[in-house]
2 protein chains.
Amino acid sequence: MILKSQVEWALHCCAILAGLPEGRYLSTKALAELHGLPKEYLSKALQSLSQASLVETTLGPSGGYRLAKTPSDINFLEIVEAVEGKARSFTCTNIRANNPCRPEGYCDSKPCAVARIMWEADEAWRDTLRRVRLSDLVGTLSEEVPADIWRRTFEWVLKRAG
Amino acid sequence: MILKSQVEWALHCCAILAGLPEGRYLSTKALAELHGLPKEYLSKALQSLSQASLVETTLGPSGGYRLAKTPSDINFLEIVEAVEGKARSFTCTNIRANNPCRPEGYCDSKPCAVARIMWEADEAWRDTLRRVRLSDLVGTLSEEVPADIWRRTFEWVLKRAG
DNA sequence: GGAATTAAGGATATATCATATCCGAAAACC
DNA sequence: GGTTTTCGGATATGATATATCCTTAATTCC
């Protein structure tokens with residue numbers, strides 16, 4: 001049960017977008033070069049963010065992506081679900097129904113007890129992600145990343161933002 | 001990010017094994033027929049449980065599997081990890097290191113902030129599973145499954161246990 | 001108006017992993 | 001000795017993640 005690498009990419013890209021000055025866009029090319037990622041494939045992750053209305057886009061030179069909401073209004077779960085999908089990690093195939101001892105056409109009143117427990121764990125995972133805002137990540141990064149690297153990084157991307 | 005179907009199978013099989021009388025074994029064949037599963041492939045899941053020391057085996061006629069511990073000493077996480085592995089769902093490829101603005105040979109003092117958050121969510125998932133014991137599942141099932149189906153099921157498997 | 005740049009999305013190729021089956025060896029039982 | 005069972009290796013197949021390419025349409029700049 002491994003998350004797509006695009007999840008990691010999307011989170012890092014959102015962190016950069018969150019630090020952009022108001023109104024500026026950042027292209028796929030700039031984000032790919034900054035993170036050392038394949039541009040064409042990263043593009044798919046960014047498209048997912050766009051479809052989830054987490055980012056806005058504009059075409060043409062100096063076009064690209066920017067956040068559609070303020071970083072404190074975006075949480076981790078939204079980003080993760082945008083690229084990973086909203087399906088639960090455990091899918092119940094209802095194998096209890098195959099029990100040959102069950103009467104023909106017997107109907108269960110509740111979802112399978114095994115599934116309920118697995119879904120509870122899934123919900124705990126989602127709850128944790130829901131509680132972390134993008135602004136929290138930006139706060140942590142600006143504390144932990146050395147100030148000069150942090151500054152140079154945004155100079156670098158803004159130069160590429162036209 | 002989807003769990004293997006073997007996780008579901010293993011959990012249901014453990015629930016059945018937990019209800020067996022002391023000292024009885026149940027074969028792969030019986031467990032496969034009870035749940036309507038491919039015998040050869042289910043066997044792999046049971047082997048995983050065996051390698052994790054959650055079940056004990058014996059060969060020959062009337063052989064098969066039984067729990068290695070009492071149901072209250074086995075939790076969901078042990079079973080899930082036995083077949084799914086212990087790897088975290090999020091793998092950090094440390095793409096921050098590709099930032100061209102970082103000085104040559106710069107070394108990070110902490111794991112990536114993105115990874116720390118994702119791992120925290122992963123731990124919340126594991127914590128939930130760790131808190132649920134196999135005996136809890138058996139308790140729920142014996143409450144929710146109609147008594148006659150429950151009884152007939154164990155008569156059915158015991159007949160096949162020789 | 002024309003050239004360059006960009007996101008969007010479809011088509012395709014490749015690699016990895018889950019799913020599934022088969023077989024042989026060793027052990028236990030009759 | 002024959003049957004039943006677990007165990008592990010080998011192999012086949014299908015689905016999905018990863019990755020690339022190409023076309024279209026929109027936007028900017030000259």
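Order of the sequence lines sets the chain letters (A, B, ...), proteins ahead of strands, with each chain counted from 1. None of these values were measured; they are calculated from a predicted model.
Contacts of B/S43 classified as side chain to side chain donor-acceptor pair (under 3.5 Å), with partners at least two apart in sequence or in another chain: B/Q47. Under the rule for a side chain to side chain donor-acceptor pair (under 3.5 Å), B/T57 has no partner lying at least two apart in sequence or in another chain. Evaluation of the side chain to side chain donor-acceptor pair (under 3.5 Å) rule for A/D127 yields A/R130 as partners, not counting sequence neighbours. Judged as a salt bridge (charged side-chain N to carboxylate O under 4.0 Å, His left out), and not counting sequence neighbours, the contacts of B/D108 are B/R96, B/R102. Judged as a side chain to side chain donor-acceptor pair (under 3.5 Å), and not counting sequence neighbours, B/S50 has no contacts. Applying the salt bridge (charged side-chain N to carboxylate O under 4.0 Å, His left out) test to B/E143 and every residue at least two apart in sequence or in another chain returns nothing.
The same ILVMFWY cluster, assembled from side-chain heavy atoms under 4.5 Å apart, contains both A/L67 and A/L129. Linking ILVMFWY side-chain heavy atoms closer than 4.5 Å, directly or via other members, places B/F90 and B/I2 in two distinct hydrophobic clusters.
Among residues at least two apart or in separate chains, salt bridge (Lys or Arg N to Asp or Glu O under 4.0 Å) pairs with a member in residues 43-64 of chain A are A/E56-A/R66. For the side chain to side chain donor-acceptor pair (under 3.5 Å) condition, the pairs that include at least one residue of residues 1-21 of chain A, sequence neighbours left out, are A/E8-B/T93.
B/R152 forms no cation-pi arrangement with B/W150, by the criterion of a distance under 6.0 Å to the ring centre and an angle within 45° of the ring axis.
Of all nucleotides in DNA chain D, those with any atom nearer than 4.0 Å to a heavy atom of chain A start and finish, going 5' to 3', at D/dA17 to D/dT28.
Rounded to whole angstrom, the span from the CG atom of A/L59 across to the C1' atom of C/dA7 amounts to 5 Å.
With axes fitted over five pairs at each extremity, the angle between the ends of the helix from C/dG1-D/dC30 to C/dC30-D/dG1 is 10° (10° resolution).
Using a 4.0 Å cut-off on heavy atoms, the residues of residues 32-52 of chain A that approach DNA chain C are A/K44, A/Q47, A/S50, A/Q51, listed by number. DNA chain D is contacted by A/K4, A/S5, A/W9 of residues 1-18 of chain A, taking any non-hydrogen atom closer than 4.0 Å.
Taking the charged nitrogens against the carboxylate oxygens, B/E155 and B/R151 do have a contact shorter than 4.0 Å, which makes a salt bridge.
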